[in-house]
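Data first, discussion second: the structure below is written as structure tokens.
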There are 2 protein chains.
Amino acid sequence: MSLRYALLGFLGLDSMTGYEIKKNLDQSTQLFWHAGLNQIYPTLKKLETEGLVTAEAESQDGKPDKRTYTITPAGSEVLHAWLAEPLSFLPPSKNAGLLKIFFSGSLENAAVLRQLETQLELRRKQLRRYEGETRQVIEETVAATGLTREGTMWELVRELGEAHERAYVEWLERAIEKVRQLP
Amino acid sequence: MSLRYALLGFLGLDSMTGYEIKKNLDQSTQLFWHAGLNQIYPTLKKLETEGLVTAEAESQDGKPDKRTYTITPAGSEVLHAWLAEPLSFLPPSKNAGLLKIFFSGSLENAAVLRQLETQLELRRKQLRRYEGETRQVIEETVAATGLTREGTMWELVRELGEAHERAYVEWLERAIEKVRQLP
DNA sequence: GGTAGCATGTAAACGGTTACATGATTCA
DNA sequence: TGAATCATGTAACCGTTTACATGCTACC
């Protein structure tokens, strides 16, 4: 149930609509969090009833009312308390790609190689994204908003993403070599 | 919905009970999948009604009946079809630890450092686990069962786990240095 | 006396995904 | 003509987590 904190986190940077939060989420956070609009809108409403954010509706023609959300002092408090609380255990993760590889001992080499090569391509694409687009978005956002301290944190997280994808790519390349040499 | 495949994967190696699957899951798969017994037991029953596994109950005194599950030919087919199907997109992952760091630009240095140091300790522990215990379990299992081809796959996945944790540890060390130098 | 291991389950609640619904504008 | 962008939502379903329930044995 950390989506609440992701939403509060973005609203802590600036007031914005659910739609804008979604765009930010897709651009910068997809390494470690994601959500659809269908989940974001009701969660924002819930945060509103809890007094952690306020909403201001603006009429538009042809489109639904634009609801701009702003974090309240209570919301800031809740967010900061959560951010400062040290992680007490590693959040267990799930990865269907690794699950497939882990159990593919009973497949033929060719099928395993197809799987590994597909995953390698996906990981390479993701690596290029962290090196390029994600990096640029951070730079531009810092330039546009002056949030240098926040920018340092964003850049740190991006670097981990890049390192992880690079480890993935190198590992998959080695794995392909190894499986090729299997009888 | 990959728990089904994780269960079928283990039963593809050997017939066993839900309790034993859980032990195997905890020892080897926690890098990429996890589940509680409360989820495993009903899912096995469901697989049984679908004809993908069969169960043999054995009475025990003082304990509930021991239900040993065996994969059926239909189950093997379903498993292999899933394993051979190449991943079509990167499964999006969630990581509350990174979420905290990403948004901690508004925290004081001391609070950020507490967070980073706690996470570093957890990651170091996990790295040691992959290097030691996990490696040993794989070696012993291969020695006991003769599943060398499967063992190659397990060892590959373990190596990625180790590489990822190492990347985490090195990154957190660098991050701590960087945050210490922040004004 | 308490914890860990063995061994199975149910019920309620929650979080998240998929599908559905609307409707204007802009661009290829 | 169709897809993408802007902009919001609801309903049903499914997977997962948390809490509850039982009970024996072995070990510290």
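Note on naming: letters A, B, ... go to the chains in the order of the sequence lines (proteins, then strands), and numbering restarts at 1 for each one. The shown structure was predicted, so the numbers you read here are calculated from the model rather than taken from an experiment.
Residue B:K66 is the one, among A:A35 and B:K66, whose nearest nucleotide of DNA chain C lies closer to the 5' end (criterion: closest heavy atom).
Between the CE atom of B:M16 and the C1' atom of C:dT8 there is a distance of 18 Å, given to the nearest Å. D:dA7 atom C1' lies 13 Å from atom CD1 of A:I21, rounded to whole Å. In this entry the distance linking CG of A:L7 with C1' of C:dG16 reads 14 Å, nearest Å. For the pair A:H34 NE2 and C:dG15 P, the interatomic distance rounds to 15 Å; values are reported in whole Å. Between A:D26 atom CG and D:dC6 atom C1' the separation is 14 Å, expressed in whole Å. If you take NZ of A:K22 and P of D:dC6, they are 13 Å apart, rounded to a whole angstrom.
By the 6.0 Å contact criterion, CD on B:E50 is enclosed, its count of non-hydrogen atoms from other residues, nucleotides or ligands being greater than 12.
Under 4.0 Å is where a charged nitrogen must lie from a carboxylate oxygen, and between A:R166 and A:E131 at least one such pair does. No salt bridge links B:E56 with B:K66; every basic N to acidic carboxylate O contact stays at or beyond 4.0 Å.
Between A:G97 and A:N95, the shortest heavy-atom contact is N-OD1, 3.0 Å.
Out of C:dT17, C:dT8, D:dT17, the shortest distance to the side chain of B:Y19 is found at C:dT8. The side chain of B:R67 lies closest to C:dG9 when the candidates are C:dC6, C:dG9, D:dA7.
Between B:K94 and C:dG16 there is a side-chain polar atom (N or O) within less than 4.0 angstrom of OP1 or OP2. Within the 4.0 Å cut-off from OP1 or OP2 of D:dT5, not a single side-chain nitrogen or oxygen of A:K23 is found.
Scanning residues 36-46 of chain B for heavy-atom distances under 4.0 Å to DNA chain C yields B:L37, B:N38, B:Y41, B:K45.
Two rings, from B:H164 and B:Y130, have their centers 6.0 Å or more apart. Between B:F103 and A:Y5, the distance from one ring center to the other does not fall under 6.0 angstrom.
The overall bend of the helix from C:dG1-D:dC28 to C:dA28-D:dT1, read as the angle between its terminal helix axes built from five base pairs each, is 40° when rounded to 10 degrees.
A donor-acceptor distance shorter than 3.5 angstrom exists from the side chain of B:T72 to the backbone of B:G51, with no hydrogens or angles considered.
Using a 4.5 Å heavy-atom cutoff, the side chains of B:L11 and B:I21 are in contact.
A:W33 is connected to A:L83 through a chain of hydrophobic side-chain contacts under 4.5 Å among Ile, Leu, Val, Met, Phe, Trp and Tyr, so both are in one cluster.
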